[in-house]
2 protein chains.
Amino acid sequence: MNQRRSHTGRRRNEAARRAILDAAVALLGAADGTPVTIDTVAAAAGVGKQTIYRWWPSKGAVLLDALAERAAAEIVPPDTGDLAADLAAFVRATFETARRPGTLAALRGTMAEALRDAHAGELMRAFAERRRAALRAVLDAARARGEIRADADLELAADQVFGVLWYRCLVGHAELDAASADRLAAAVAAQLRPVSAGGGPGTGTVAP
Amino acid sequence: MNQRRSHTGRRRNEAARRAILDAAVALLGAADGTPVTIDTVAAAAGVGKQTIYRWWPSKGAVLLDALAERAAAEIVPPDTGDLAADLAAFVRATFETARRPGTLAALRGTMAEALRDAHAGELMRAFAERRRAALRAVLDAARARGEIRADADLELAADQVFGVLWYRCLVGHAELDAASADRLAAAVAAQLRPVSAGGGPGTGTVAP
DNA sequence: GATTACCGAGACTCCCAGTCTCGTCAAATG
DNA sequence: CATTTGACGAGACTGGGAGTCTCGGTAATC
């Protein structure tokens with residue numbers, strides 16, 4: 001509450017913060033089966049364990065922090081003025097980022113931690129919400145241009161995109177390739193378009 | 001390899017097998033935060049730990065076994081002769097089953113184990129494949145009836161359905177309600193329909 | 001009755017998240 | 001420059017859980 005002295009003593013070591021986040025990402029994405037434990041992260045960062053726990057409440061918090069930093073920096077929301085193009089660009093960029101070496105393993109490891117620890121789960125929820133908000137910005141811009149039908153469920157559309165991403169990432173049965181991204185984006189764009197605008201899969205006369 | 005005596009000695013206790021699987025599901029779905037460990041499962045089943053490890057190679061194998069048994073029994077693939085109706089029925093049934101008390105927690109716990117243990121991950125991949133096969137059966141039947149466009153990506157369609165399911169289950173930001181199931185089924189059905197059949201969101205004249 | 005294999009119980013090892021303590025080092029105060 | 005404050009690296013320590021091992025007991029086969 002009262003702070004007679006603003007902030008005496010040694011300051012936080014920014015280099016250590018960076019080293020910890022970088023080491024966490026590096027270990028998560030390591031091809032060999034190096035376990036991602038607090039000890040290995042601390043050792044890889046050249047840092048004491050307590051330095052990690054001084055600034056993050058749990059291992060999951062570190063991973064989520066590292067992950068969020070990456071995702072926000074990698075994917076810049078496009079705005080070409082066309083729903084189909086914007087959506088395709090967003091989904092392609094998202095899949096492409098996830099496909100980068102080590103990223104899938106990092107996503108898996110972070111989700112594992114989010115499922116194990118309730119606090120990390122909360123952070124994962126917040127992270128996912130931020131990612132959906134980025135996609136929603138694209139959709140909202142399209143809606144403002146009248147490219148989206150009135151009764152469209154934008155939340156469901158966003159969940160379809162990130163659902164496919166996470167499902168394939170976690171189960172590992174299929175690739176997150178560019179072709180899938182394009183098809184997925186096209187399908188979602190078609191389902192959001194106004195009924196009178198046409199152009200998607202359902203184009204043509206009404207069923208008999 | 002050679003088996004001079006067919007099978008001497010005491011036989012496997014079927015009651016114990018059932019008790020173990022039931023206890024695993026019960027603990028996974030328990031509302032209180034009871035940890036799902038091998039010890040708690042063994043205790044709840046009234047069984048020694050070794051009896052579990054004698055028949056299953058890991059904790060994850062038990063959970064996957066219990067989960068697969070449930071899912072296969074709960075969801076019977078519909079066949080009304082109409083893609084939209086069948087798909088809606090399948091997705092509704094799937095969401096409904098997942099929404100039953102404790103099931104979401106069970107799915108989360110099992111996925112957590114699948115991410116932690118490579119062997120459990122393999123079993124999860126097989127489980128997911130079986131679930132997609134059930135959905136694919138519905139889609140293949142529709143394709144045989146000519147209700148599906150030639151260039152449709154059935155794998156992607158299936159991943160959209162199960163992607164939304166798992167994404168909402170694991171992140172926990174939205175409900176798996178019947179309305180979402182219907183909208184999702186309708187969207188996927190529309191994206192699979194032949195271009196000349198119409199009836200979906202894209203109905204109407206071609207864009208100017 | 002001897003052999004074989006499953007059973008419940010529980011001690012044990014190994015690994016890892018998170019805590020605690022130590023001696024040290026840097027920033028602010030006076 | 002001396003003192004105070006707090007971050008730092010290192011590492012011992014606790015607690016819990018996965019998986020192994022052993023034991024005495026019990027059911028099925030020979």
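Protein chains get the first letters and strands the later ones, always in sequence-line order, with residue 1 at the start of each.
- OP1 or OP2 of D/dG6 has not a single side-chain nitrogen or oxygen of A/R11 nearer than 4.0 Å.
- Cation-pi geometry between A/R17 and A/W55 is not met at under 6.0 angstrom from the ring centre and within 45 degrees of the axis.
- For the residue pair B/T80 and B/D82, no side-chain donor N or O sits within less than 3.5 Å of a side-chain acceptor on the partner.
- With A/W166 as the aromatic partner, B/R108 does not meet the cation-pi criteria of under 6.0 angstrom to the ring centre and within 45 degrees of the ring axis.
- Both B/N13 and A/D117 lie close to DNA chain C; mapped to their nearest nucleotides by heavy-atom distance, the more 5′-ward contact belongs to B/N13.
- Residue side chain A/Q50 reaches the base of C/dC20 through a donor-acceptor N/O pair under 3.5 Å, judged by distance alone.
- Rounded to whole Å, the distance from OH on A/Y53 to C1' on D/dG9 is 16 Å.
- The phosphate of C/dT3 (OP1 or OP2) has no side-chain N or O of B/T8 nearer than 4.0 angstrom.
- Contact annotation: side chain of B/R12 to base of C/dC6, donor-acceptor pair absent below 3.5 Å.
- Using a 4.0 Å heavy-atom cutoff across all strands shown, B/V36 reaches sugar-phosphate atoms only and no base atom.
- Atom CD1 in B/I52 sits about 13 Å away from atom C1' in C/dA9, given to the nearest Å.
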Assess the residue pair A/E74 and A/R100 against the criterion (salt bridge (Lys or Arg N to Asp or Glu O under 4.0 Å)); give the C-alpha distance rounded to whole Å, side-chain angles, the decisive distance to 0.1 Å, and a yes or no. CA-CA 11 Å; A/E74 299 277 346; A/R100 281 177 40 179; 2.7 Å; yes
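- Between B/G60 and A/A42, it is A/A42 whose nearest contact on DNA chain D lies nearer the 5' terminus.
- If you find the closest nucleotide of DNA chain C to B/A16 and to A/P57, the one lying nearer the 5' end belongs to B/A16.
- Closest to the B/D39 side chain, of the nucleotides D/dC8, D/dA18, C/dA17, is D/dA18.
- Residue A/W55 contributes atom CH2, which lies 6 Å from atom P of D/dC8 at whole-angstrom precision.
- Atom CZ of B/R10 and atom C1' of D/dA28 are 9 Å apart (whole Å).
- Taking only distance into account, the side chain of B/K49 meets the base of D/dG19 through a donor-acceptor pair shorter than 3.5 Å.
- At D/dG6, none of the side-chain N or O atoms of A/R54 fall inside 4.0 Å of OP1 or OP2 (strictly under the cut-off).
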Derivation and outcome, salt bridge (Lys or Arg N to Asp or Glu O under 4.0 Å), residues B/E113 and A/R116: CA-CA 9 Å; B/E113 195 56 26; A/R116 202 188 60 80; over 6 Å; no
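- Counting to the nearest Å, the P atom of D/dG17 and the CG atom of B/L27 are 12 Å from each other.
- Between the CZ atom of B/R116 and the C1' atom of C/dC14 there is a distance of 13 Å, rounded to whole Å.
- D/dC8 atom P lies 10 Å from atom CD of A/E14, rounded to whole Å.
- The distance between atom CG of B/L63 and atom P of D/dG19, rounded to the nearest whole Å, is 10 Å.
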